Amino acid sequence: MNKNVQFQDLGLKKTILSAIYTAEYKKPTPIQNKSLKVILQGQDALVRAKTGTGKTAAFAIPALQHLRADIQHPQVLVLTPGRELCKQISQEFIKLGKGLENFRVAE
């Protein structure tokens, strides 16, 4: 993605967009700007960046966008190398998935 996009330009569900702004995310970080639209379109992406650059939201937002409320079994699996990172990613999913119907996170 060459141009800088705003979250509202991505066609996100209103609940996700609201959660993004409630979390006080103003605009996509550079890593999100490069990857969000690609991942939202269902394409694979390999993303590497330093800690604190927004990588978790870069994959969590598209994952949440594609969730279907009518499916009552797990739809997303995130593997982490340790419990602490698991908890951090879980909290990000909970924050960004706030308001989604039938949304739950298990650690």
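As a basis for the values below, the full set of heavy atoms in this structure was taken, side chains included, without hydrogen atoms, waters or symmetry mates. Every value quoted in this text rests on a predicted model; they were computed, and no experiment measured them.
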(request) Under the side-chain hydrogen bond (donor to acceptor under 3.5 Å, both in side chains) rule, collect the residues that match up with E92, sequence neighbours excluded. (result) Y25, K95
(request) Look only at the side chain of Q32 and the backbone of T29, and say whether a donor-acceptor pair between them is shorter than 3.5 Å. (result) yes
(request) Please test V5 against L36 for side-chain contact (heavy atoms from CB on, under 4.5 Å), starting from the C-alpha separation and ending with a verdict. (result) CA-CA 10 Å; V5 298; L36 274 171; over 6 Å; no
(message) Under the salt bridge (Lys or Arg N to Asp or Glu O under 4.0 Å) definition, can you give me all pairs with a residue in residues 18-29, not counting sequence neighbours?
(response) none
(request) Not counting sequence neighbours, which residues clear salt bridge (charged side-chain N to carboxylate O under 4.0 Å, His left out) with E107? List them please. (result) R83, K87
(request) Taking side chain to side chain contact (heavy atoms under 4.5 Å, CB included) as the test, write out the residues that go with A69, two or more places apart. (result) E101, N102
(message) T22 vs K98, test: side-chain contact (heavy atoms from CB on, under 4.5 Å). Steps then yes/no.
(response) CA-CA 10 Å; T22 298; K98 185 176 182 163; 5.6 Å; no
(message) Which residues pass the side-chain hydrogen bond (donor to acceptor under 3.5 Å, both in side chains) test with Q72, not counting sequence neighbours?
(response) none
(request) Applying side chain to side chain contact (heavy atoms under 4.5 Å, CB included), name anything that partners L85, two or more places apart in sequence or on another chain. (result) T80, P81, Q88, I89
(message) Using 0.5 Å steps for rounding, measure from the CG atom of N33 to the CD atom of Q6.
(response) 8.5 Å
(request) Please identify each residue that fulfils salt bridge (charged side-chain N to carboxylate O under 4.0 Å, His left out) with D70, with sequence neighbours left out. (result) R68
(request) Please write out which residues are connected to L77 in a hydrophobic cluster, directly or through intermediates, given that two of Ile, Leu, Val, Met, Phe, Trp, Tyr count as joined at side-chain heavy-atom separations below 4.5 angstrom. (result) L79
(request) Would you name the heavy atoms of F103 and G97 that are closest together and state the gap between them? (result) CD2-O, 3.5 Å
(message) My understanding is that only residues two or more places apart in sequence, or in another chain, count here; which of them pass salt bridge (charged side-chain N to carboxylate O under 4.0 Å, His left out) with K13?
(response) none
(message) Could you see if L10 belongs to whatever hydrophobic cluster contains I39? Use Ile, Leu, Val, Met, Phe, Trp, Tyr and a side-chain cutoff under 4.5 Å.
(response) no
(request) Report the C-alpha distance between D44 and V38 in whole Å, list the side-chain angles of each, state the deciding distance to 0.1 Å, and finish with yes or no for side-chain contact (heavy atoms from CB on, under 4.5 Å). (result) CA-CA 8 Å; D44 293 336; V38 171; over 6 Å; no
Atom pairs and distances, side-chain donor-acceptor, residues 14-21, under 3.5 Å, sequence neighbours left out:
unit_1	atom_1	unit_2	atom_2	d
Y21	OH	Q8	OE1	2.4

(message) Hydrophobic clusters here meaning ILVMFWY residues chained together by side-chain heavy-atom distances under 4.5 Å, can you tell me if L96 and V78 are in one?
(response) yes
Return a table of donor-acceptor pairs under 3.5 angstrom between the side chains of residues 46-59 and protein atoms on other chains or two or more places apart.
unit_1	atom_1	unit_2	atom_2	d
T53	OG1	K50	O	2.7
K55	NZ	A49	O	3.1
K55	NZ	K50	O	2.9

